[in-house]
2 protein chains.
Amino acid sequence: MNKIQIENKLSQYGHRPTAARLEVVEALLNFHGHMTADDLYEHMQSTGSSVGRMTVFRTLDLLAEIGVVRPTYQGSGAAHFVLLEDGHHHHLVCMRCAQTVEFAECSFAEDLSQQLAEKHGFKIEGHLLEIYGVCKKCQAG
Amino acid sequence: MNKIQIENKLSQYGHRPTAARLEVVEALLNFHGHMTADDLYEHMQSTGSSVGRMTVFRTLDLLAEIGVVRPTYQGSGAAHFVLLEDGHHHHLVCMRCAQTVEFAECSFAEDLSQQLAEKHGFKIEGHLLEIYGVCKKCQAG
DNA sequence: CCTTGTTTTGATATAAAATATCACCATGGC
DNA sequence: GCCATGGTGATATTTTATATCAAAACAAGG
């Protein structure tokens with residue numbers, strides 16, 4: 001998902017694609033990984049952006065609401081945001097050191113997704129699959 | 001997963017199944033849902049438990065480390081813990097109001113799980129599948 | 001182009017949640 | 001019983017998230 005697509009999605013949901021929001025989106029796409037709101041804010045500061053901390057938080061909330069990112073918990077007390085590239089995301093998480101490996105393989109049957117959607121009256125937009133385990137390093141230690 | 005099994009798992013990983021920890025486990029199993037550490041602490045207080053707040057936090061962290069629970073983000077700033085009944089858990093989350101519906105159906109192929117495990121050197125212990133969408137109520141509003 | 005009403009922004013203040021610290025208690029091995 | 005280690009819980013501190021609000025930006029209508 002690129003900047004333009006996200007911009008369109010914002011409009012589509014009745015939110016203005018303002019300069020500040022697009023700066024956040026841009027930084028998010030550049031960062032391309034898991035980050036907290038403050039990580040992103042500090043990164044933006046370091047690149048000379050004047051977007052405020054609140055706006056970063058609010059924009060991430062907004063993006064979560066329209067399904068572009070999803071907050072997850074990754075060890076620390078702060079929410080980490082992951083980009084749902086095509087509506088979904090999958091990763092392996094080490095239960096010890098919180099190291100995270102992303103993978104693209106998606107074994108998730110869309111059939112079931114739709115089935116569940118109807119059963120519970122939900123309009124499905126995406127999913128996140130987290131697999132837990134212990135990484136090689138922590139198995140050794 | 002019952003109290004005894006969790007108790008064994010604690011021992012197995014070199015942690016003592018102390019009275020305080022077992023009280024937390026008991027409360028967790030009674031609560032049977034999604035809750036924050038403070039929710040659980042307050043619930044325990046209301047039932048006359050004298051276990052401290054720190055112990056509740058630490059025990060939940062410990063249980064997360066051994067794969068009994070998993071913290072997730074559910075709208076508020078606090079981590080919500082879900083019980084991984086048999087190592088896994090699945091739920092539908094509304095992107096608007098954060099309402100959560102659990103479901104048992106598991107379409108996740110264990111084959112892929114093992115395949116990924118080998119590829120990345122992980123020892124797999126479980127997974128969490130979150131499906132995002134908009135609930136009936138929020139679609140209407 | 002100028003109002004007018006609405007949305008957005010960002011500084012500051014506040015609240016909430018997580019973590020660090022530390023003295024004390026409990027337990028298991030010797 | 002004594003020591004080493006692990007666990008507990010009160011308090012203090014830090015980190016993260018949210019609320020507030022005046023100012024700014026913007027869209028729509030005249």
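Within every chain, numbering begins at 1; the chains are lettered A, B, ... in the order of the sequence lines, protein sequences first and strands thereafter.
Checking C:dT27, D:dC26, C:dT9 against every side-chain atom of A:Ala20, the shortest atom distance belongs to C:dT9. Of the candidates C:dA18, D:dT5, D:dT8, the closest approach to any side-chain atom of B:Arg58 belongs to D:dT8. Closest to the side chain of B:Phe57, out of D:dT18, C:dA18, C:dT8, is C:dA18. Considering only side-chain atoms of B:Ala37, the nucleotide from C:dA18, D:dT5, C:dT8 that sits closest is C:dA18. The side chain of B:Ala78 sits closest to C:dA17 out of C:dA20, C:dA11, C:dA17.
At the phosphate of D:dG7, neither OP1 nor OP2 sits under 4.0 Å from any side-chain N or O atom of B:Thr55. For A:Thr18, a side-chain nitrogen or oxygen approaches OP1 or OP2 of C:dT9 to under 4.0 Å. Contact check, B:Arg53 against C:dA18: no side-chain N or O comes under 4.0 Å of OP1 or OP2.
Below 30°, between 30° and 60°, or above 60°: for A:Tyr73 and B:Phe81 the angle between ring planes is between 30° and 60°, a tilted geometry. Aromatic ring orientation, B:His127 versus B:His88: perpendicular (interplanar angle above 60°, classes split at 30° and 60°).
Counting heavy atoms from C-beta outward, B:Leu63 and B:Lys9 have side chains that stay 4.5 Å or more apart.
Map B:Tyr41 and B:Arg16 each onto its nearest nucleotide of DNA chain D; the residue landing nearer the 5' end is B:Arg16.
Counting non-hydrogen atoms under 4.0 angstrom, A:Thr36 reaches nothing in the nucleic acid.
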